[in-house]
Amino acid sequence: MSVEGEGQKYAPWGFAGGCDGTPSTLIFRDRAGKETVLPSKVPYKKTNPGETLEIIGPCGGGYGSPFERDPEAVLGDVLDDYITSERARNEFGVVIEDNKILWDETELLRSTQA
């Protein structure tokens, strides 16, 4: 296999109060399950049956304060399995239980974080 990528060294930056994104990662797993993190450029690596390469692309930084994001959009991210309810609460100040926004708790949480 050969890989030529970018974005492993620095996380993409956030803007106007947004959080930084995440850098990319290449993880090679041998047949025994041992993981090795590879650099962004691999000119040639011989592989064998049962070995895998996990490729995680960089995630762009956010724009604006996460606590100002529309709670309905955050709920959509939870329902689409982009983030967990725990991340919704901790990073966006949106309290979600049983796939519903708890509005009073969300307003209280966001007011104490402002």
Side-chain angles (χ1 to χ4, degrees):
M1 73 173 171
S2 294
V3 178
E4 191 168 326
E6 292 291 337
Q8 282 188 326
K9 191 171 184 180
Y10 302 105
W13 62 88
F15 184 74
C19 298
D20 289 346
T22 54
S24 65
T25 306
L26 297 174
I27 303 170
F28 177 77
R29 288 185 189 84
D30 66 18
R31 285 184 265 187
K34 180 184 174 215
E35 295 184 354
T36 304
V37 177
L38 301 176
S40 62
K41 292 170 181 55
V42 180
Y44 175 76
K45 179 168 181 57
K46 185 174 173 146
T47 59
N48 298 297
E51 296 175 333
T52 62
L53 178 65
E54 180 178 356
I55 302 171
I56 303 168
C59 174
Y63 179 82
S65 169
F67 273 55
E68 293 176 10
R69 185 148 191 252
D70 178 7
E72 294 285 353
V74 176
L75 174 62
D77 289 345
V78 170
L79 295 176
D80 289 335
D81 289 325
Y82 293 140
I83 63 171
T84 63
S85 294
E86 183 179 348
R87 280 189 68 193
R89 177 189 298 259
N90 295 337
E91 296 177 23
F92 295 90
V94 179
V95 182
I96 298 171
E97 288 183 13
D98 298 321
N99 295 329
K100 294 183 180 135
I101 298 170
L102 302 181
W103 288 100
D104 291 338
E105 290 86 342
T106 295
E107 289 175 21
L108 179 63
L109 180 59
R110 284 184 163 197
S111 71
T112 62
Q113 299 296 319

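The minimum heavy-atom distance linking P71 with R110 is given by the pair CG-NH1, 3.8 Å. The two residues P23 and P12 have their closest heavy-atom pair at N-CD, 4.4 Å. Nearest approach of V95 to T106, heavy atoms of both residues: N-OG1, 2.9 Å. Nearest heavy-atom pair, S85 versus V78, reported as atom, atom and distance to 0.1 Å: OG-CG1, 3.8 Å.
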(request) Evaluate the side chain to side chain contact (heavy atoms under 4.5 Å, CB included) criterion for residues L75 and K100: first the C-alpha distance (whole Å), next the side-chain angles of each, then the deciding distance (0.1 Å), finally the verdict. (result) CA-CA 7 Å; L75 174 62; K100 294 183 180 135; over 6 Å; no
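Going from atom CG of D30 over to atom OG1 of T36 covers 6.5 Å, rounded to the nearest 0.5 Å. Note that CG of N99 and CD1 of I96 are 8.0 Å apart. Values are rounded to the nearest 0.5 Å. Atom CG of D104 is separated from atom CG of L108 by 8.5 Å, given to the nearest 0.5 angstrom.
Among residues two or more places apart in sequence or in another chain, the side chain to side chain contact (heavy atoms under 4.5 Å, CB included) test is passed with T84 by E86, R87.
Counting only residues at least two apart or on different chains, the side-chain hydrogen bond (donor to acceptor under 3.5 Å, both in side chains) pairs with a member in residues 54-76 are R29-E54, R69-D77. For the side-chain hydrogen bond (donor to acceptor under 3.5 Å, both in side chains) condition, the pairs that include at least one residue of residues 1-10, sequence neighbours left out, are E6-K41. A ring pair (Phe, Tyr, Trp, His ring centres under 6.0 Å) check over residues 71-112, counting only residues at least two apart or in different chains, returns nothing.
Taking Ile, Leu, Val, Met, Phe, Trp and Tyr as members and joining any whose side-chain heavy atoms lie under 4.5 Å apart, directly or through other members, the hydrophobic cluster of F28 also contains M1, V3, L26, L38, V42, L53, I55.
Side-chain contact check for R89 versus E97: some heavy-atom pair is nearer than 4.5 Å. Between V74 and I101, the closest side-chain pair of non-hydrogen atoms is not below 4.5 Å.
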